[in-house]
Amino acid sequence: MVKVREPGNYPSERLKCWNEAKALRRKYYEDYVKAHERGGIRWAGGAWTLSAIPEGLGDDVYPLTSEPYGATIAYFKEFALKCQEAVEKAGYIRDLCSYMRNYWGSIILDKFILADGTIIDEFPAPDFIWQDHICCSHAKWYQVVRELEAKKGKEIPFYCIDVGVGSYKQINERRINYVVRQIEDGIKWLEKVTGRDYDDDRLIQAIYNECKSTALWSEICTYNRAIPAPLDEKSMYSLYVLGTLMKSKKECVEFYEKLLAEVKDRVERGIAAVPTERLRLITDTQPPWGFLQIFRYMEKFGAVSIGSLYTFGLIGVWEVKEDGRWGPPVPPQDRGIEFKDREEALKFYVEWNLKYKPEWQHFYHPKLKSEMMIRIVKEWNVDAVLLHYNRGCEGLSLGIAENRLALIKEGIPVLPFEGNMGDEREFDLPRTQAAIDMFMESLGLKKLTE
Amino acid sequence: MFEKFREWYEKRHEYAREWKEKTGGKVLGYFCTYVPEEILYAADVLPVRILGSHEIQSVTEPHIFAMYCPFCRDCLAQGLQGRYDYLDGIMIAQSCLHIRQAYTSWDLHIPVDFSYYLNMPHKVQSPHSIPFLKGELEEFKKAVEEWVGKKITNEDLDKGIEIMNKNRRLMKQIYEFRKQDNPPLTGTEALAMVISSQMVDKREHNQELERVLKELPNRKLERDPGVRLMHIGSVNDHFDFMERVEQLGATFVIDEQCTGTRYFWNETPQKEDRLEAIAERYVKRPPCPSKDWEERTRLQHVLDLAKEYKVQGALLLQQKFCDPHELDIPAIRELFENNGIRTYHLEFDITVPWGQFRTRVEAFLEMLQEELLYG
């Protein structure tokens, strides 16, 4: 049973680097759109794609990662609905990944939405697609993108890497090499489709950047163990997203260094994300992006979501440290590792991704995810868990019902709620709020404010 | 002539129990047709595919979120209800996310001696997938050896390969008869033949296939074959549906599904390195849509089958929520229509709403008949 605490009365203040995060995100989409004007290259791939690899083509190579773009569309519900209806009209089935449908809809409508909701004409087609595949929708997503663009007369080369080689417990040299060999082929392919020479120095720098930025994000998350939490999950969405957009760029490293310093400072000064914090929650899977007000609704009870395996681990990397708690692995440059050549760098990079990415583990077994969620509950002083049974994402909802059973077995209060991260037609706000009311009541909490 | 196959399918649990009693061997339940049965036969283990029972159930609600396909939930329900209590082991070869959940929940809640997740590569179009799978098969073979307590030799593997290949060869020969203008077997019978091969000892199944092959040339069905149909999809053991469609003036002459051609269409090649040969067979088999990328190789294969078997219309049978097939259906539809073959899409759940489906299939058949008559 959760011990009901008195509402907090903590000092709170706005994040100083908030505007910089927003500006970086805005610039990211604008850079992608304007890449050709600057003689650069546009490419597309998932948020999990091995994005350090295309960096070897030059500094003027700009990606559009698919899931964050699908989420951006979802946030602007009116445009999202138009995208979804266009996709259904084209004959695709409504229960497919909602990010994917939003993205396809944007192509079909030939409209592109920027981070601030500005809609521009003409979807900027990528010059090539560089994807990886662990979820059934990953490669198929871009197979359809290529077909939709082909109907507009654009032929887009597509390369995809299979990273489904087993859980972190199974990783060995043979499995790492399977992925490495695919990347090596992919680099030759990149040279062929872009006509550019590949620069291994740039590749190595991008790998350093990615390892650093993903480890920095994890370190930032460890500071949320503090009571009060310096960050709330709703705000974290605007911060972790940079890792999903540009994890191998130096701008990402620099931003996360600043953020880390600020979060440390907040903890030292006892600055809370939510001044009335008295109940600490975690959630799971992507939120319903068009309805982030549910987080503010929970705050009326003094309940704050301090993160999730999703926000900590979608981009963050984790290992068990000497003290038995979770923390970031040390990036190669901080271990004094200097890569001698491409192969050595690729091997390290692949191992980093396969071993330390928590959100790749439940694809093999839900018990791996349950273990990690229970760990977060214990190490981050969490009182209860909200599970978003997310109809929009078959990949991250995979095994969620078993996660619920495992959490309950540990005596952790759990509220499952059904919704969809990207399709508002499958999210019922009043019903979800009513479920939160009941859940809070069952935990002995009443609203502090209306 | 095909009754034995249907009987095997309907009494699959009795069959497996009797097989165990008779042979003293182990029975392993598997969840996807990418499982290399050659190695199991080599170890004298009987592989049986876990299938649902098409009954409404609620036992899986706590285990699998309802947005995943009814098939995976139906499979798990069988385990939770104790219908596969004779299994000594379970395994899956990495395939779609949906069926993976049936396997992992089974692994968590229904204890068996042996449970194995085989890392079947997703990118079967990569030149590196065969060596990768070979390595995975080496590990799997070791695990099986430990489980059964005996070494699997090359001779054992040859035996496993031969049992599997013979079964594939014989079924393919029987499928040849379906090319005839008036096929001597219905689609429902063909389905019973293939699906039963996934659950009985293939040596016994092969004997039955040989008997059928002898008698089939003299068989003439006293029925108008009607419209020549193809059915395309994932798993299909909807016998009621198949029979009823074939009673409406149609015959299923070919399929592309994992309880059909995708299961048996290609053989394991002969190679000195047996595991490499097995790996090659599974990498090069007609792909499940979840593995068919970056290029869409499946589409041409499906179209070739349709042409070879002179298909006049195709039913696209989609398990509700089955993302990989949903991602192929618009492309198949477009390809078929561009090649003058009409398609009709039906979404399946655990049970078949025949009242609705009948009206829809009848309309489709009428349209096809009109087109056939008037061009």
Side-chain angles (χ1 to χ4, degrees), chain A residues 90-93 95-97 100 129 131 133-144 146-147 157-167 170 172 174-175 177-182 185 362-367 389-392 394-395 397-402 404-406 416 418 420, chain B residues 60-69 94-98 100-101 103-105 107-109 117-129 131-136 138-139 288-296 318 320-331 333-334 345 347:
Chain A
Y92 296 95
I93 291 159
D95 58 56
L96 287 166
C97 165
M100 184 166 74
I129 295 161
Q131 173 66 313
H133 183 97
I134 194 166
C135 165
C136 287
S137 298
H138 281 155
K140 304 295 275 188
W141 179 320
Y142 282 106
Q143 208 169 39
V144 174
R146 197 159 59 155
E147 287 161 359
F158 169 32
Y159 192 83
C160 186
I161 292 165
D162 176 8
V163 294
V165 296
S167 77
Q170 290 183 294
N172 58 26
R174 184 177 60 74
R175 293 184 172 116
N177 283 341
Y178 169 57
V179 182
V180 169
R181 297 286 98 84
Q182 292 177 72
D185 290 355
H362 70 282
F363 285 97
Y364 307 101
H365 209 297
K367 70 183 176 195
Y389 277 42
N390 180 358
R391 286 187 169 267
E394 61 159 351
S397 293
L398 188 72
I400 196 166
E402 290 294 355
R404 174 184 162 269
L405 292 176
E418 210 165 298
N420 190 312
Chain B
T60 60
E61 287 304 307
H63 302 284
I64 301 181
F65 175 23
M67 68 170 254
Y68 292 91
C69 81
Q94 184 162 261
S95 48
C96 74
L97 301 180
H98 297 242
R100 237 180 269 185
Q101 289 187 111
Y103 164 75
T104 51
S105 285
D107 179 62
L108 281 170
H109 303 289
Y117 184 110
L118 178 78
N119 293 311
M120 173 71 207
H122 293 297
K123 188 176 181 177
V124 292
Q125 292 176 20
S126 164
H128 307 293
S129 59
F132 173 72
L133 181 56
K134 186 194 149 195
E136 293 298 321
E138 279 165 4
E139 290 194 16
C288 165
S290 68
K291 297 189 187 296
D292 193 34
W293 49 268
E294 295 107 341
E295 300 307 319
R296 285 194 186 273
Q318 175 232 322
K320 195 174 171 71
F321 305 127
C322 172
D323 299 63
H325 280 271
E326 290 174 1
L327 284 156
D328 272 13
I329 284 172
R333 198 189 280 156
E334 191 177 327
H345 176 198
E347 188 181 73

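Residue numbers begin at 1 in each chain, while the letters A, B, ... track the order of the sequences.
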What part of [X] gets within 4.5 angstrom of chain B, counting heavy atoms only: side chain, backbone, both, or neither?
| X | value |
| --- | --- |
| A/I134 | backbone |
| A/D185 | side chain |
| A/R146 | side chain |
| A/L405 | side chain |
| A/N172 | side chain |
| A/Q170 | side chain |

Proximity breakdown for [X] and chain A, heavy-atom pairs closer than 4.5 Å:
| X | value |
| --- | --- |
| B/D328 | side chain |
| B/E295 | both |
| B/R296 | both |
| B/I64 | backbone |
| B/E334 | side chain |

side-chain hydrogen bond (donor to acceptor under 3.5 Å, both in side chains) partners for B/T104, two or more places apart: none
Shortest non-hydrogen contact between B/L97 and A/G395, atoms and distance: CD1-CA, 3.8 Å
Does the [X] side chain pair with the main chain of [Y], one donor and one acceptor, at a distance under 3.5 Å?
| X | Y | result |
| --- | --- | --- |
| A/R391 | B/M67 | no |
| B/Y68 | A/E394 | yes |
| A/Q182 | B/S126 | no |
| A/Q143 | B/D292 | yes |
| B/E294 | A/C160 | yes |

Largest heavy-atom contact set with chain B, pairs under 4.5 Å, which of [options]:
| options | value |
| --- | --- |
| A/M100, A/E147, A/K367 | A/E147 |
| A/V144, A/V165, A/V163, A/I400 | A/V165 |
| A/G166, A/G91, A/S397 | A/S397 |
| A/C135, A/A406, A/G399 | A/G399 |

Min side-chain heavy-atom separation A/H365-B/Y117 under 4.5 Å: no
Close side-chain approach of B/F132 to A/V179, heavy-atom, < 4.5 Å: no
Find the distance between [atom1] ([X]) and [atom2] ([Y]) and round it off to the nearest 0.5 Å.
| X | Y | atom1 | atom2 | answer |
| --- | --- | --- | --- | --- |
| A/C97 | B/L327 | SG | CG | 9.0 Å |
| A/D95 | B/K320 | CG | NZ | 7.0 Å |
| B/L133 | A/Y178 | CG | OH | 9.0 Å |
| A/R181 | B/H128 | CZ | NE2 | 7.5 Å |
| A/Y142 | B/W293 | OH | CH2 | 13.5 Å |

Largest heavy-atom contact set with chain A, pairs under 4.5 Å, which of [options]:
| options | value |
| --- | --- |
| B/K123, B/E61, B/H109 | B/K123 |
| B/H345, B/E136, B/R333 | B/E136 |
| B/P289, B/S95, B/A66 | B/P289 |

A/I93 vs B/Q318, side chain to side chain contact (heavy atoms under 4.5 Å, CB included): CA-CA, chis, key distance, verdict: CA-CA 11 Å; A/I93 291 159; B/Q318 175 232 322; 3.3 Å; yes
Sidechain N-carboxylate O distance under 4.0 Å for B/E139, A/R174: yes
Listed partners of B/E326 passing salt bridge (charged side-chain N to carboxylate O under 4.0 Å, His left out), at least two apart: none
